[in-house]
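Read the structure below first, then the notes.
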Amino acid sequence: MIVASWNVNSISVRLPQVLDWITANEPDILCLQETKVVDERFPKAEFEELGYQLAVYGEKTYNGVAIASKLPLANVQKGFKVEVGPGSRRLIAADAGPLRILNVYIPNGSAVGSDKYYYKLAWLSALKNHIDESYRRDDLLIMCGDFNIACEDRDIYNPEEVAGTIMCSDVERKALNAVKDWGLIDVFREHHQDSGLYTWWDYRMGAFRRNVGFRIDHIWASRPLAPLCKAILIDREPRKLERPSDHAPVFAEFDVTIAS
DNA sequence: ATGGTGGATGGTCCA
């Protein structure tokens, strides 16, 4: 079973690229972030024509998450039970066959010490509580999405230059590690140890051409599920297209049987 | 050097 995650930076703009990518790669589940449309305007029919069910939780202009799945989705949950602050739409969860999917768009945080940074930390705390309340350690859980945090220096092109700044400050890394300590595994690092492997490159300054990137989009798996991951890749090809998202999709294959 | 690029918007805000 193939599970993918992609921050598309507007599903309206990126729809043709996303549909092409789905056709080429045939993921069973695709988690999207930064869809930037209200639910009524999400292009559901185009996904349904390719055989996918949709669960969407979006808003105008900002944020927005969605799950497209070939398997029927059940127990769809949108947002935290009690939202953090103004309550932007950044979390959607559902069960798909044997898997429990948690798709998150963790706040960017803008700059260390800013109001948005403290919102990011509060959101991470709420995420930890949400997982504690919602899942069991023996669930086949995937938490994926745009985490907006590079966990280690090898996830960053120029760690010395950006040390302590947004997406790699110690405090936000610790807050994310507190989530991870529930029992989640960064599946990508089970399969790849190299630096230079990124999922996001700024649109500016020719960052992609120079591979000035960050690995901030992740697929994490619970302890019983992680060993079933047979392969995981970042697909850089869509980032090379005209009018790309600034993020590349990440996708993982899990050797799980689908009960009928 | 606080720049630069892209998306949604219709003023700027966000990333």
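So you know, we letter chains A, B, ... as the sequences are listed, proteins then strands, and number each from 1.
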With sequence neighbours excluded, residues passing side-chain contact (heavy atoms from CB on, under 4.5 Å) with [X]:
X: Gln53(A); result: Pro72(A), Leu73(A)
X: Ser12(A); result: Ser10(A), Val37(A)
X: Arg154(A); result: Glu152(A), Arg189(A), Gln193(A), Ser195(A)
X: Pro224(A); result: Leu140(A), Ser222(A)

Residues forming a ring pair (Phe, Tyr, Trp, His ring centres under 6.0 Å) with Tyr157(A), sequence neighbours excluded: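 Partners of Tyr157(A) under the ring pair (Phe, Tyr, Trp, His ring centres under 6.0 Å) test: none.
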Report the residues that fulfil ring pair (Phe, Tyr, Trp, His ring centres under 6.0 Å) with Tyr105(A), sequence neighbours left out, ordered by chain and then residue number.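 Tyr105(A) satisfies ring pair (Phe, Tyr, Trp, His ring centres under 6.0 Å) with no other residue.
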Pick the [atom1] atom in [N] and in [M], then give their distance to the nearest Å.
N: dA15(B); M: dT2(B); atom1: C1'; result: 16 Å
N: dG3(B); M: dT9(B); atom1: C1'; result: 23 Å
N: dA1(B); M: dG10(B); atom1: C1'; result: 31 Å
N: dG6(B); M: dG11(B); atom1: P; result: 23 Å

Polar side-chain atom of Lys120(A) near backbone of Asn108(A) as donor-acceptor pair, under 3.5 Å: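 Indeed, once roles are kept as given, a pair shorter than 3.5 Å links the two residues.
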OP1 or OP2 of dG7(B) sitting under 4.0 Å from any side-chain N/O of Arg243(A)?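 Yes.
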Could you give the CG-to-P distance, from Leu241(A) to dG6(B), as a whole number of Å?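 Leu241(A) atom CG is separated from dG6(B) atom P by 14 Å.
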Between C1' on dG3(B) and CD on Glu161(A), what's the gap in Å once rounded to a whole number?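 Rounded to the whole Å, the gap is 15 Å.
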Members of residues 8-19 of chain A that approach DNA chain B, where some heavy atom sits under 4.0 Å away: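 Residues of residues 8-19 of chain A that come under 4.0 Å of DNA chain B are, in numerical order, Asn9(A), Ser10(A), Val13(A), Arg14(A).
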Tell me, for nucleotides 10-15 of chain B in 5' to 3' order, what letter each nucleotide earns: B for a base near a protein heavy atom under 4.0 Å, S for only sugar-phosphate near one, - for neither? ---BSB
Other ILVMFWY residues reachable from Tyr203(A) by side-chain steps of under 4.5 Å: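 For Tyr203(A), no cluster forms, as it stays isolated from other hydrophobic side chains.
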